[in-house]
Amino acid sequence: MSKNVLKVENATMQFGGVVAVDNMNLEVNEGEIVSLIGPNGAGKTTAFNVITGVYAPSNGCVWFEGDKIVENYPHGKMQKLYKGQNNGKYSHITAPTPDRITKLGMARTFQNIRLWKSQTVFENVLIAKHLRTTSNLFSATFRLNHAEEKRQREECDELLRVMELDGVRDELATSLPYGQQRRVEIARALATQPKLLLLDEPAAGMNPQETDELTAFIGKIRDNFKLTVFLIEHHMDLVMDISDRIYVLDFGKLIASGTPEEIQNNQRVIDAYLGVSNDA
Amino acid sequence: MSRILPYLLSGISVGGQYALISIGYTMVYGILRLINFAHGDIFTVAGLLMVYAAATMPLYISAPLVIILTIILGVLVEKVAYKPLRTAPRMSVMISAIGMSYLLQNTMWYLTGGLAKKYPTLPWISDKINVGGTTTSRVTLITPFLTVILVIFLVMLIKKTKIGMAMRAASRDFETAQLMGVKVDSVVSFTFIVGSGLAAVGSMLYFTNYATVTPVVGAMPGLKAFVAAVFGGIGSIPGAVIGGFIIGICESFIKGASWTTFSDAFTFGLLIVILGVKPTGLFGESLTEKV
Amino acid sequence: MLKIENLHVSYGGIRALRGISLEVPDGKIVTLIGANGAGKSTMLRTISGLVKAESGSIKWNDKELVGLSIDKVIASGIAMAPEGRRVFSDMTVLENLRMGAYLRNDKDGIEKDIQRVYELFPRLKERNWQLAGTLSGGEQQMLAVGRALTSRPQLIMLDEPSLGLAPLVVQDIFAIIREINKTGTTVLLIEQNANMALKTADLAYVLETGNITMSGTGAELLVNEKVKEAYLGKHKN
Amino acid sequence: MKKNNQRQGLITAGIVIVLLAVLVLLDNAAWVPPMLLTVLRKGVIYALVAVSMNLLNGFTGLFSLGQAGFMLLGAYSYAVLTIPVENQTAIYQQFKNGGLHFSITESLTNVMGEFGTLIGVIICLIIAGAVAALFAYLIGLPVLRLKSDYLAIATLGFAEILRALVQFEKLGPVTNGSNLLYGFTSFSNFQIGTLHLGTVMPFLFSGACIWIVVLLINSTYGRAFKAIRDDEVAAEAMGINLAKHKRMSFVISSFFAGISGGLLAMYQASVQAVTFKSAMTYEILLIVVIGGIGSITGSILASFLFVGCSEWWLRFLDNTTVVSLNGKIASVIVICVAIVGVVALIFWRNRKKAFADKRNTIFLTLIVGAVLLAGQIKFAISSSLQLPLLRSGFRMVIFSIVIMIMVLFFSKGIMGDRELPDLLQKRRNAKAAKASKGGDAQ
Amino acid sequence: GESGGAAAGSAGGKGSSGKTLKIGVFEPASGDNGAGGKQEVLGIQYAQSLTPTVDINGETYNVELKVVDNQSTTDKAVSAAQELVSAGVSVVLGSYGSGCSIAAAPIFGSAQIPAVGCSCTNPAVTAANPYYFRVCYIDPFQGPVMANFAKDQFQAKKTYVLTMLGEDYGSNLATFYEQEFKDKLGGEYKAESFPEGTSDFSAYIQNAVAYGADVIFAPSATTYASLIISQAAKAGCKIPILAGDTWESSVILDAQKGSDLQVFCSTFFDENDKSGTAATFVKGFKEWLNADKQRLTDNGGNDIVAAVSALSFDAYNTAIEAIKIANSTKGSDIQQAMFKVDFDAVTGHITIDPDTGDANKGTAYIKQADNGAFKFIKTQSVAE
Ligand SMILES: Nc1ncnc2c1ncn2[C@@H]1O[C@H](COP(=O)(O)OP(=O)(O)OP(=O)(O)O)[C@@H](O)[C@H]1O
Ligand SMILES: Nc1ncnc2c1ncn2[C@@H]1O[C@H](COP(=O)(O)OP(=O)(O)OP(=O)(O)O)[C@@H](O)[C@H]1O
Ligand SMILES: [Mg+2]
Ligand SMILES: [Mg+2]
């Protein structure tokens with residue numbers, strides 16, 4: 001049994017009265033590709049945001065590689081509003097900013113593409129290496145770090161080659177077609193040298209053809225970079241193709257989990273999410 | 001009480017004038033996301049226009065005329081300096097505003113030779129009256145009432161009419177607002193009409209108290225009014241008004257307490273403290289950007 | 001009827017549309033399919049006036065649209081759900097729907113249409129008071145489509161309405177499109193989900209790098225080998 | 001590749017040496033109009049502060065309007081530390097026993113002579129920067145959390161607070177209250193024998209600082225700044241600590257603003273708090289935007305243009321009678337070159353656009369250029385003319401109109417977000433690409 | 001650079017008829033001191049119209065005025081001064097407002113161009129600046145004069161002192177006033193300063209009343225002065241207001257007009273003095289002013305003769321005297337000659353103190369603004 005990389009424990013995220021994520025528990029094991037699916041507004045993106053530190057959960061905690069990286073309990077205004085369970089189980093606040101979590105080895109892409117718009121593809125990837133630099137302001141300014149800089153540049157070029165983006169290396173990232181932009185976002189996330197890669201709807205806006213390419217691609221990078229992948233997606237072809245396991249979320253609660261076959265035949269999931277004839 | 005009353009009165013009066021000016025800032029900001037640096041100068045121009053108008057015509061003609069001319073100027077500034085830059089980076093529009101402010105100031109300077117002009121005495125409102133043992137002019141009392149009435153009217157206008165909703169929609173996204181059929185240019189013009197009109201009224205109240213007009217006299221009240229707008233949460237009209245009164249009254253008391261050296265500094269200090277506690281001002285909507 | 005002739009559009013130096021001619025007959029569903037960056041969105045943006053045409057003409061009920069300002073185009077009975085949702089993020093869901101009906105003056109009619117949108121997307125009804133900016137991606141997409149519906153246009157243009165929607169909702173969306181079409185609204189649809197789009201459409205055009213390379217009824221293109229190969233993906237058939 | 005770099009280094013070094021030599025020459029030649037030197041000195045100082053503001057506004061996307069405040073701190077720190085002891089009683093006449101009773105430059109001059117003065121000046125400039133940086137660090141903690149315009153107005157307010165603070169009577173023994181500080185080491189003190197170095201020195205100081213900023217911007221930290229500017233959320237998600245990097249940029253920018261304040265003090269040979277008003281910040285912002293947000297060379301070019309226009313070339317507009325021939329020809333040549341240069345640059349920038357798109361720009365550029373040129377020519381041939389409209393204040397009216405035209409027609413600034421070397425480089429690349437493509441086709 | 005330019009300029013005056021000698025006029029035409037600056041320029045222009053030429057070495061030089069605007073601020077003053085240097089002037093006159101003079105002094109000094117201040121009363125203008133001279137009295141004299149006046153005229157025990165924050169003229173003068181009032185005359189005072197751009201003075205006026213001041217001493221630029229006066233009048237304040245020389249301006253008259261507020265200022269001469277050079281000057285200057293509408297406008301819209309105009313008139317003549325004595329257009333020669341100047345000027349006899357470069361003057365004139373005109377009250381000197 002491989003050890004789990006990510007573990008979300010009793011996580012609840014509440015915005016005012018809206019419970020976006022409700023007492024969620026899940027695990028992602030090393031080397032797996034795990035998908036998170038569910039109807040719109042089920043709380044998938046919110047779950048990602050909790051995991052990556054964008055939001056501090058109202059209650060619950062997140063473990064990464066055996067360390068507790070996020071923990072919170074209802075306090076302040078939330079104390080009165082809190083509707084979830086496990087109230088009182090947690091008593092610490094650990095709320096690192098997203099950059100700290102990324103540094104630990106977790107990287108993500110966004111549902112709405114967020115590339116740095118005035119930068120080329122190469123620069124987008126290179127900037128993501130910043131968190132791995134050991135040079136300080138002084139040594140960086142006066143180029144005392146040229147060895148490291150050179151190494152990072154080479155790594156980035158290598159990454160672009162693997163991601164088949166070397167052809168557009170010096171184009172402005174945001175001038176590329178959608179599909180390639182998604183790939184640049186993935187490359188950028190990989191440049192931070194993560195152990196766990198979180199992808200939020202990587203195939204959104206892609207046509208079936210491109211979606212197929214992406215499917216193959218995700219498998220490839222998992223193997224190449226020895227990653228664990230956790231992804232959100234509405235394209236069922238992709239999800240069913242590559243997932244080792246799937247979690248299904250509805251109204252903030254996990255309603256099912258299992259292998260693709262199990263999920264595809266789960267009546268509750270079909271009713272809530274998949275619909276009868278799976279055409280998408 | 002008799003020690004405090006005069007300061008309170010002058011504070012409320014100045015506050016009301018700041019409030020009237022700051023509405024112009026806050027409305028333009030609300031819709032164009034632009035700090036209209038030229039607003040303080042439009043206020044000054046209104047003062048100068050009154051100086052010239054009152055010299056040749058009776059008040060019942062000159063006062064409305066000045067308001068109309070100021071409104072025309074306001075709209076003109078928008079058409080010349082801001083409209084061509086609708087799609088330009090925000091910083092450019094800001095610079096255009098600063099440039100316009102320069103242009104207005106320098107032109108006034110050129111025309112007046114940089115000398116102070118005496119503001120005409122407006123009958124009735126500048127008469128002296130006695131309040132609780134202190135002599136003050138009638139304008140001191142009128143200002144807060146007028147301000148509050150105008151603001152209530154304005155808030156109704158924006159809350160209850162379609163143009164109010166259109167303004168809020170346009171403030172975030174011109175293109176999509178246009179896709180809903182909003183005539184963005186008209187909405188913006190409307191904003192400038194209201195803003196400049198209020199600045200003209202404000203200038204009459206202000207200069208009635210302060211006697212002379214110089215080309216740069218609007219700069220400080222302009223800045224204060226802007227601070228008032230930020231203070232109240234920029235974009236919010238009631239916020240601007242409350243901000244204006246708070247700043248006016250605080251200032252007056254600080255001068256009363258003989259910390260005059262720091263009366264401006266205090267205004268800004270207060271601003272920084274407020275923003276530190278509430279980063280979007282007292283009534284500003286806190287924007288949650290979803291990722 | 002919307003009739004486009006020899007339309008050219010460029011962004012700076014990039015030529016996005018290179019002489020497009022097409023027709024959208026009244027009361028029909030017409031779809032545009034094509035790869036990423038083919039110029040589909042540019043097409044819609046040009047019709048609504050968001051982008052200026054370099055040359056060519058766009059006739060809507062015999063009225064020339066090229067050169068009109070956006071609000072005039074919209075006032076002539078066209079509505080558009082733009083790419084990327086573009087909801088008014090600091091207005092509530094309800095206010096967003098009201099903005100959709102900005103040009104209408106029949107209060108009762110507007111209320112009725114808003115209720116209809118709520119029926120179509122119950123999720124939005126639950127979120128009625130919520131600021132649109134905090135909605136989930138899919139919810140925003142529903143709102144963008146709903147907002148276009150409340151304007152009761154003669155022609156509705158939808159740019160990838162199914163983007164980011166759950167499979168169940170995607171099926172619903174296409175049902176809705178057929179339904180509003182039945183009430184007499186002409187539909188111009190852009191979709192990445194070419195399969196569903198072609199099944200729904202009366203007429204379809206294929207756009208490749210700024211040119212129309214194929215056209216025909218939806219059913220015709222659905223079985224066309226080239227289309228299958230390029231746009232439908234390996235999973236189909 | 002390496003060879004190319006080496007060649008570039010050599011070329012740069014060559015240019016720098018030639019530039020410095022020319023400056024020394026200008027400084028000592030009798031025929032040079034003193035106004036040219038004024039423009040060069042003030043221009044290069046403004047270039048530094050514009051670059052520092054660009055680092056913050058253009059490269060990090062933090063809209064701050066506190067520049068004048070940090071310059072004030074720098075200017076005062078520099079002045080207070082360098083006023084010779086013997087002058088202090090006279091200068092601080094209102095604050096008996098005022099002054100620090102020591103002067104860093106003086107002490108060092110006593111020990112090491114001329115060289116000591118130079119070292120002293122450098123030390124004091126660094127202290128000037130450090131004081132500004134320290135204040136920036138302190139105020140940065142609360143205000144850098146604010147978003148765009150809120151940050152702008154908070155920093156503007158902070159600058160005003162600093163101004164009031166410096167004028168505070170209780171600090172009078174150090175700051176001389178609201179009175180002038182003067183008599184400290186200034187550019188005219190830089191002289192070897194009869195060789196004036198008053199223009200070279202600010203170029204050296206500013207140049208070194210700007211060079212450091214450029215290095216910084218092109219380093220990994222500079223790239224992180226740009227990422228924050230382009231998308232904060234993405235930057236944070238990619239592991240860039242927002243608070244730390246924003247503060248870093250703010251402090252560095254203020255450091256250089258402080259140094260430029262010190263240089264400005266040297267240039268003016270006097271310091272008074274009233275001159276560091278928000279109007280000064282606006283001027284610098286104008287320079288940054290006119291030059292192009294995010295372009296260092298743009299900021300530098302714009303500084304010289306701005307200072308030249310406001311201080312020199314347009315001055316004739318203020319006088320009902322035009323000055324006589326002295327220095328006139330030089331000024332006319334300089335301004336003609338500037339006008340033609342800018343017009344050419346604009347044309348070149350727009351060369352790719354379709355004519356319909358650039359028609360307005362072209363006409364306007366031509367008209368404005370022609371009017372300015374005609375004005376210059378008229379100015380050159382007239383001996384002593386009474387011209388209508390020309391009187392005190394007209395210069396500033398024209399100046400603001402010029403600014404408006406710049407802003408309205410070139411909303412991205414002269415350089416956009418590109419650098420001069422980039423533009424040249426790109427052209428070379430384009431040529432190369434064309435050549436290789438041609439090769440492929442055959 | 002600077003000296004080279006100056007030499008080239010003065011040597012190379014190429015007029016069409018005879019040679020030209022340039023005199024720089026370094027005055028504010030705008031800003032807080034714009035009004036006063038314009039009046040000084042008028043005095044100089046009038047003087048030049050009377051003495052348009054000067055003979056040097058048997059050759060007649062036409063005097064050409066080169067007027068620049070220092071905009072009343074020290075930073076703009078620097079470039080304005082540089083402009084004069086680059087125009088190649090032989091002598092500089094001005095400025096109204098000591099700050100600008102202090103800021104520009106090093107520039108004139110290093111270009112070796114002597115400058116003659118007209119109404120800049122701060123001692124620092126000439127102190128340690130061998131090239132700066134002046135024809136008026138200085139603040140260490142003027143401040144005590146006003147303190148003595150307050151004591152003599154109103155038996156004042158308490159003074160409220162109001163100055164603008166960051167304005168050196170006012171705060172300096174106030175300091176000298178306060179010292180005299182408290183240390184020598186045994187009174188007490190309360191000092192406050194208002195920030196630049198203030199337009200609401202009601203709080204300050206209330207403070208003065210609350211303090212129970214016998215007089216208010218408010219030396220400030222006329223833009224603020226008019227606000228202070230009109231708002232004091234409006235608030236019904238009865239305390240006499242005193243100020244320095246800058247207040248002798250039509251702006252003050254306008255502000256005081258129609259109220260019974262007592263406003264006093266010290267000044268450099270008495271325009272209604274019916275005897276001697278002053279009378280001739282006043283008559284001639286009025287005629288000259290009235291001959292041109294622009295001049296009248298610049299003078300503030302009337303033909304009242306300001307003391308600063310008289311001073312600038314004297315400054316011009318002092319410069320001409322020095323040039324004659326030096327018999328040279330060279331700055332350093334003229335500077336040496338300054339100390340030998342000795343003539344009867346409008347504002348009194350002028351000789352220059354060899355240590356400071358200031359004119360030796362010992363009396364001030366006190367005037368009251370009284371419904372549209374200045375009324376001469378008395379001459380005042382300092383109690384020993
Ligand atoms: N604002 C813009 N500036 C420059 N080029 C643009 C801009 N918008 C689009 N383009 C370019 O125009 C071409 C057509 O873009 P368009 O958005 O119309 O494609 P599309 O068919 O809608 O693609 P997608 O499926 O990705 O939405 C593309 O090459 C794109 O890069
Ligand atoms: N800041 C917020 N304030 C209030 N409600 C919020 C906020 N953020 C998210 N929500 C609500 O929480 C719910 C979950 O949103 P989330 O974005 O996680 O959905 P999702 O599963 O990613 O959906 P989709 O597939 O449509 O992207 C939604 O109903 C949304 O409206
Ligand atoms: Mg989502
Ligand atoms: Mg598209």
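Every chain is numbered from 1 and lettered A, B, ... according to where its sequence line falls, protein lines coming before strand lines.
- Listed by sequence position, D/F63, D/L65 are the residues of residues 63-73 of chain D in contact with chain B, using a 4.5 angstrom heavy-atom cutoff.
- Looking at D/A237, there are no atoms closer than 4.5 Å to chain B (heavy atoms on both sides), in backbone or side chain.
- With a 4.5 angstrom heavy-atom cutoff, B/L104 does not touch chain D via any of its atoms.
- Side-chain contact between D/I153 and B/F226 is present, with at least one heavy-atom pair separated by less than 4.5 Å.
- Using a 4.5 Å cut-off between heavy atoms, B/L275 touches chain D through backbone and side chain atoms alike.
- For the set D/L162, D/V397, D/I293, D/L151, the count of heavy-atom pairs under 4.5 angstrom toward chain B peaks at D/V397.
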Quick one, D/V407 with B/L85, criterion side-chain contact (heavy atoms from CB on, under 4.5 Å). Give me CA distance, side-chain angles, the key distance, then yes/no. CA-CA 9 Å; D/V407 172; B/L85 298 177; 4.2 Å; yes
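- Atom CZ of B/F174 is surrounded by more than 12 heavy atoms from other residues, nucleotides or ligands within 6.0 Å.
- For B/L103, the parts sitting under 4.5 Å from any heavy atom of chain D are the backbone and the side chain alike.
- In terms of heavy-atom proximity, B/A265 sits nearest to D/I161 at O-CG1, 3.5 Å.
- The minimum heavy-atom distance linking B/G276 with D/R145 is given by the pair O-NH2, 2.5 Å.
- With rounding to the nearest 0.5 angstrom, the CD atom of D/E160 is 6.5 Å from the CG atom of B/L223.
- In this structure, the ring-ring contact (aromatic ring centres under 6.0 Å, His included) partners of B/F43, at least two apart in sequence or on a different chain, are B/Y206, B/F207.
- Between the CZ atom of B/F37 and the OG atom of D/S278 there is a distance of 8.5 Å, given to the nearest 0.5 Å.
- In this structure the side chain of B/I98 never reaches within 4.5 angstrom of the side chain of D/I403, judged on heavy atoms.
- Taking 4.5 Å as the heavy-atom cut-off, the residues of residues 280-292 of chain D that approach chain B are D/Y282, D/E283, D/L285, D/L286, D/V289, ordered by number.
- Each side-chain hydrogen bond (donor to acceptor under 3.5 Å, both in side chains) pair with one or both residues in residues 74-85 of chain B, not counting sequence neighbours, appears once here: B/N36-B/Y82, B/E78-B/R86, B/K79-B/S189.
- Sparse packing is recorded around NZ of D/K170, with 12 or fewer heavy atoms of other residues, nucleotides or ligands lying under 6.0 Å away.
- Taking both residues in full, the closest heavy atoms of D/A279 and B/Y102 are given as O-OH, 4.0 Å, listed atom of the first, atom of the second, then distance.
- Summarising the local packing, OH of B/Y52 is surrounded by more than 12 heavy atoms from other residues, nucleotides or ligands at distances under 6.0 Å.
- Taken to the nearest 0.5 Å, the CD1 atom of D/I401 stands 6.5 Å off from the OG1 atom of B/T107.
- For B/M94, the part lying under 4.5 angstrom from a heavy atom of chain D is the side chain only.
- The main-chain N or O of B/I234 is found under 3.5 Å from a side-chain atom of D/Y150 such that the two form a donor-acceptor pair.
- The two residues B/M100 and D/M404 come nearest to each other via the heavy atoms N-SD, 3.4 Å.
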